[in-house]
Amino acid sequence: MGFPVHRRFVVLCISATFLILAFRQLIPREELPSPTWTSSSIITHPVKWNDLPLRFPVPSMIPLPSGNPAAIPKIQHAFGVETQHNKQEREQRQAAVKAAFLHSWDGYKKHAWLQDEVTPVSGGYKNGYGSRGATLVDTLDTLCIMGLDKEFKRALKALNKIDFTTSAEPTVNLFETTIRYLGGLLSAYDLSEGKHRVLLRKAVQLGDMLYAAFDTPNRMPITRWDWANGALDGDQEASDQSLSAELGSLSLEFTRLSQLTDDPKYFDAVQRISDQFEKHQNDTVIPGLFPVLVNPLKETFSADRTFTFGGMSDSLYEYFPKQHMLLGGLVSQHQTLYENAIEAAKRHLFFRPLNPQNQDILVSGTVTKNAADHLKLQPEGQHLSCFAGGMVAIGAKIFNRTDELDIAKKLVDGCIWAYDSMPTGIMPESYTLVPCRDPEDCVWSDERWHEAVMNERGFARTFDVERIIREDGLLPGFTGISDKRFLLRPEAIESVFILYRITGDHTLQDAAWRMFSAISTATQTEIANSAIADVTYPPTQESEKLDSCESFWMAETLKYFYLIFSEPGVVSLDDWVL
């Protein structure tokens, strides 16, 4: 998705996904069925969400920050004149990415138009996000960036056929709906310079629907929301257990909607969440970090004892520096949240792994606190945590934490290394490594690796470490590969792209090309591209394709591959929040 940086009000290119709402029909309270009727099958027509009375109106709205934006330091590298050879190579690579996008887009149009996701092996479709064209909406900004005007106009026309005031699913995932739909609509609106009012109109409709999920006694949202119950005036309260990422990754989209409409209610809704995170940041088991699970009902953040930048927490942290930029640096809250978190992450999450090349790289792991109150690092790498390198790089620039740019580079190099280490050239979803207790004593030896493999895999199985390595498909340095899939995720290439734009290091373009080439080879089908089951397959064999092509493949992954081979001024990091 893309939203404008406050200083020039351009669009953010985060996760390019945003929900659309169609116009709602007002249902008078006196005509409403009993609140116990919560099945979505009751409602078969559009709902006028904005006309429904609030159960718990706020006494006063928190306004958007006002005033002259703060001077946020420039982010992008000062690129020089490009040689003819480099330009030719870059444009050839960019053309290959665009061709891959059009292949998947054509497959979606032919087999799954207006559905959520194409099935790239069987040639059908899936609907898991309400049957509202998730791929179409999520991909709108990529169509803009690639200059595919004809396809963009066709997608705009199709929006009028989608009702975003209801859902085919009884439960709306507030986070997924916000990033896949609301983000896609708003970023496309900004990227097209506000020329297509239908995008903002649909975004408002959807925003009003999602705003009803915040209509609880303490104004904390219901992250897995029975939307029909909300429309029918049923009782609503926040859950006593939510993923921290689902609660904390709504701010950008709702803030941008308030900026575009001058309606403070959307910003008010997410600012109350930010205030809770700020209030409790030092109350957690690891002060500065937030656990995977939080309790929005009781507004407590200290019960869970698992901390990670990986799945279920990731975008919570990513949104801190981005929200700071979107608000023009007018409030210090999100800088404080970020800086406290990154200091704790450096102490507890980031580790240097043993590797045969003796590269000085970093991986972001998972930390738990056991019953004896001891912190234990699980040296687990995740594809989802690869966003961290780009986040730290941006934070290093905008918050003048220049020493952390080296940390960002090592985190990005860690993800590139994980890609290059696999036979397919693609990183798995999750894996474990050997953490070097002393980062200065991290020289490779087979003995150290074998010892770690035996400690993790268990002596009860066998004392033959070579057998374990062979049977588990372990590559040197890896002690386990708990999830061998590749799901077409964007996080690694996102960080490679961001670091390239910040440093101007052309070797990052070469790494991106290796990644793209490997992904294309392993995932392409006759219809589109598919997630695969096993990235450890040798090149002479083909991994099982999982018949899944989530919306982020075209909305994010291919967008970042395209941008890293674009001219630096295309979606500049100094103009856009990505």
Taking the side chain as every heavy atom from C-beta outward, state whether [X] and [Y] have any atom pair closer than 4.5 Å.
| X | Y | value |
| --- | --- | --- |
| M427 | C386 | yes |
| T166 | W227 | yes |
| L316 | F320 | yes |
| V412 | V392 | no |
| I493 | T557 | yes |
| M325 | I75 | yes |
| F561 | F101 | no |

Partners passing ring pair (Phe, Tyr, Trp, His ring centres under 6.0 Å) against [X] (at least two apart in sequence or in another chain):
| X | result |
| --- | --- |
| F290 | F277 |
| H334 | none |
| Y419 | H383 |
| F214 | F254 |

- [ ] May I ask you to check whether Y500 and F565 place their ring centres under 6.0 Å from each other?
- [x]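 Aromatic pair excluded; centres sit 6.0 Å or further apart.
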More than 12 heavy atoms of other groups within 6.0 Å of [X] [atom1]:
| X | atom1 | result |
| --- | --- | --- |
| M61 | CE | yes |
| E567 | CD | no |
| N160 | CG | yes |
| Q241 | CD | no |

TODO: Measure across P296 and V294 and return the closest heavy-atom pair with its distance rounded to 0.1 Å.
DONE: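 Heavy atoms only, the tightest pair is CD-O, 3.3 Å.
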Open item on the list: Ignoring hydrogens, what is the shortest heavy-atom contact between D215 and Q236? Give both atom names and the distance.
Closed with: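 In this case the closest contact between D215 and Q236 is O-NE2, 3.2 Å.
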Salt bridge (Lys or Arg N to Asp or Glu O under 4.0 Å) partners of [range], not counting sequence neighbours, each pair once:
| range | result |
| --- | --- |
| residues 405-415 | D360-K410, D406-K410, K409-D413 |
| residues 239-248 | R224-E246 |
| residues 274-293 | none |

Contacts of [X] that satisfy salt bridge (charged side-chain N to carboxylate O under 4.0 Å, His left out) - sequence neighbours left out:
| X | value |
| --- | --- |
| R93 | E89, D510 |
| D304 | none |
| R154 | none |
| K157 | none |

What distance do [X] atom [atom1] and [Y] atom [atom2] have between them, rounded to the nearest 0.5 Å?
| X | Y | atom1 | atom2 | result |
| --- | --- | --- | --- | --- |
| S495 | L578 | OG | CG | 11.0 Å |
| W49 | Y211 | CH2 | OH | 13.5 Å |
| K153 | L143 | NZ | CG | 13.0 Å |
| F497 | I502 | CZ | CD1 | 9.5 Å |
| D262 | L257 | CG | CG | 11.0 Å |
| L156 | S192 | CG | OG | 7.0 Å |

Open item on the list: Between R272 and D268, does any side-chain N to carboxylate O distance fall below 4.0 Å?
Closed with: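 Looking at D268 together with R272, the answer is yes, because their closest N to O distance falls below 4.0 Å.
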Keeping the roles fixed (side chain from [X], backbone from [Y]), state whether a donor-acceptor pair exists under 3.5 Å.
| X | Y | value |
| --- | --- | --- |
| T306 | V292 | no |
| T142 | A555 | yes |
| Q259 | L326 | yes |
| T284 | S302 | no |
| D208 | N50 | no |

Ignoring hydrogens and angles, write down the donor-acceptor pairs under 3.5 Å from the side chains of residues 337-349, residues two or more places apart or on other chains.
| residue | atom | partner | partner atom | Å |
| --- | --- | --- | --- | --- |
| E339 | OE2 | Q335 | NE2 | 3.2 |
| E339 | OE2 | R401 | NH1 | 3.4 |
| N340 | ND2 | Q281 | OE1 | 3.0 |
| N340 | ND2 | T336 | O | 3.4 |
| E343 | OE2 | K346 | NZ | 3.4 |
| E343 | OE2 | R401 | NH2 | 2.6 |
| K346 | NZ | E404 | OE2 | 2.8 |
| R347 | NH1 | E343 | O | 3.4 |

TODO: Only one of D190, L260, L186, L140 passes side chain to side chain contact (heavy atoms under 4.5 Å, CB included) with L199; say which it is.
DONE: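 Exactly one pass, corresponding to L140.
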- [ ] Give me the one residue out of H324, M391, E253 that meets side chain to side chain contact (heavy atoms under 4.5 Å, CB included) with Y319.
- [x]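 It is E253; the other options fail the test.
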Open item on the list: What verdict does the side-chain contact (heavy atoms from CB on, under 4.5 Å) test give for I564 and V97, after you've listed the backbone C-alpha separation in whole Å, the side-chain angles of each residue and the deciding distance to 0.1 Å?
Closed with: CA-CA 10 Å; I564 199 171; V97 174; over 6 Å; no
Between [Y] and [X], is there a side-chain donor-acceptor contact under 3.5 Å, judged purely by atom types and distance?
| X | Y | answer |
| --- | --- | --- |
| Q323 | Q333 | no |
| S364 | S385 | no |
| T139 | W105 | no |
| Y560 | E491 | no |

